[in-house]
Amino acid sequence: MSGRIARASPWGPMVVADAHLHFFSQKFFSALVSQKPGLTLEAAGAQLGWQLPPHEPEKLAAAWVHELDRHGVFASALIASFPGDEDSVIAAARAFPGRFFAYAMVNPRALTAALPAAFADIRVACLFPAMHGYSIQDDCVRPVFEWAQAHRRAVFVHCGVLSVGFRKKLGLPSPFDMRFSNPIDLHAIALRYPEVPIIVPHFGAGYFREALMLADLCSNVYLDTSSSNQWMRYQAGHLTLREVFRHALEVAGSQRLLFGTDSSFFPRGWQHAIFEDQAKALYEIGTSEADARAIFSENLLRILGH
Ligand SMILES: [Zn+2]
């Protein structure tokens with residue numbers, strides 16, 4: 001790990017790789033804005049309080065590198081956040097080798113056969129079954145897992161509550177279907193592809209127990225810790241981040257948790273408060289330095305073969 005930039009932490013300098021960061025390219029933003037007749041990029045940017053992304057993905061990538069450097073973050077996922085935007089994250093990752101991992105959203109219902117050729121340069125395919133209206137058990141998902149198995153890639157599957165804040169703010173409908181969001185649905189496919197790492201973000205986003213059940217039964221399932229984890233509100237009693245980590249460490253163990261922030265736009269930039277809160281919670285429950293290193297970077301770097 002020597003030579004990698006690090007960030008101050010309760011354990012001392014810590015190498016941090018963010019497993020969950022959205023790359024809101026101009027292509028993504030234009031596609032979003034086009035969903036509302038009459039809306040312009042400028043008006044949408046003002047409404048959301050977002051800086052307009054530069055046209056070239058390399059420039060947006062440079063802004064993120066600057067941001068990561070400023071916060072002492074070694075590397076980060078970059079998630080292309082609508083199907084068809086994989087070229088943006090590939091260009092970004094190419095411009096800054098070693099700093100970014102290209103993740104891309106794919107809608108398996110729109111695939112005719114295999115994944116697009118560009119996926120040769122994608123590290124993690126991101127599935128949002130509730131958003132695109134399919135079951136993870138459906139045959140349409142097979143090409144994604146076949147790709148991951150053949151090329152030693154990972155698959156990210158969003159489960160639980162899916163609420164896209166910027167869609168609400170812009171008055172765009174979110175016709176999602178929560179029937180397709182239970183981590184339990186992943187059991188059979190996780191067993192069928194035991195070598196494919198499967199990442200469930202936000203500890204299951206409300207399906208914490210189910211995500212843990214899945215992780216307990218399938219050693220290829222990983223949980224990402226990203227976002228402010230507002231789903232804790234759904235839990236009976238008063239669940240704290242400390243309890244979430246304690247429980248997740250007990251069941252999934254330190255080798256299958258991936259730290260993430262869910263950062264996405266500028267000027268907000270990298271969400272350092274998520275790191276501070278999670279590091280504090282982990283430290284307070286007595287997490288060892290070795291386990292913290294695993295969670296904050298080593299697990300992600302290992303499963304992505306970095
Ligand atoms: Zn996210």
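Counting starts at 1 for both ligands and their atoms, following the listed order.
Residue pairs that meet the salt bridge (charged side-chain N to carboxylate O under 4.0 Å, His left out) test with at least one member in residues 134-160, sequence neighbours left out, do not exist here. Pairs engaging residues 253-277 under the salt bridge (charged side-chain N to carboxylate O under 4.0 Å, His left out) rule: Arg7-Glu276 [sequence neighbours left out].
Donor-acceptor pairing under 3.5 Å is recorded for the side chains of Thr225 and Gln278. Checking His22 against Ser264 by side-chain atom types alone, no donor-acceptor pair falls below 3.5 Å.
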Practice problem: For Arg246 and Glu243, run salt bridge (Lys or Arg N to Asp or Glu O under 4.0 Å): C-alpha distance rounded to whole Å, both residues' side-chain angles, the deciding distance at 0.1 Å, then the answer. | Solution: CA-CA 5 Å; Arg246 197 180 285 128; Glu243 283 154 349; 5.3 Å; no
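Contacts of Lys169 classified as salt bridge (Lys or Arg N to Asp or Glu O under 4.0 Å), with partners at least two apart in sequence or in another chain: none.
The number of protein N/O/S atoms found under 2.8 Å from the Zn ion (ligand 1) is 3.
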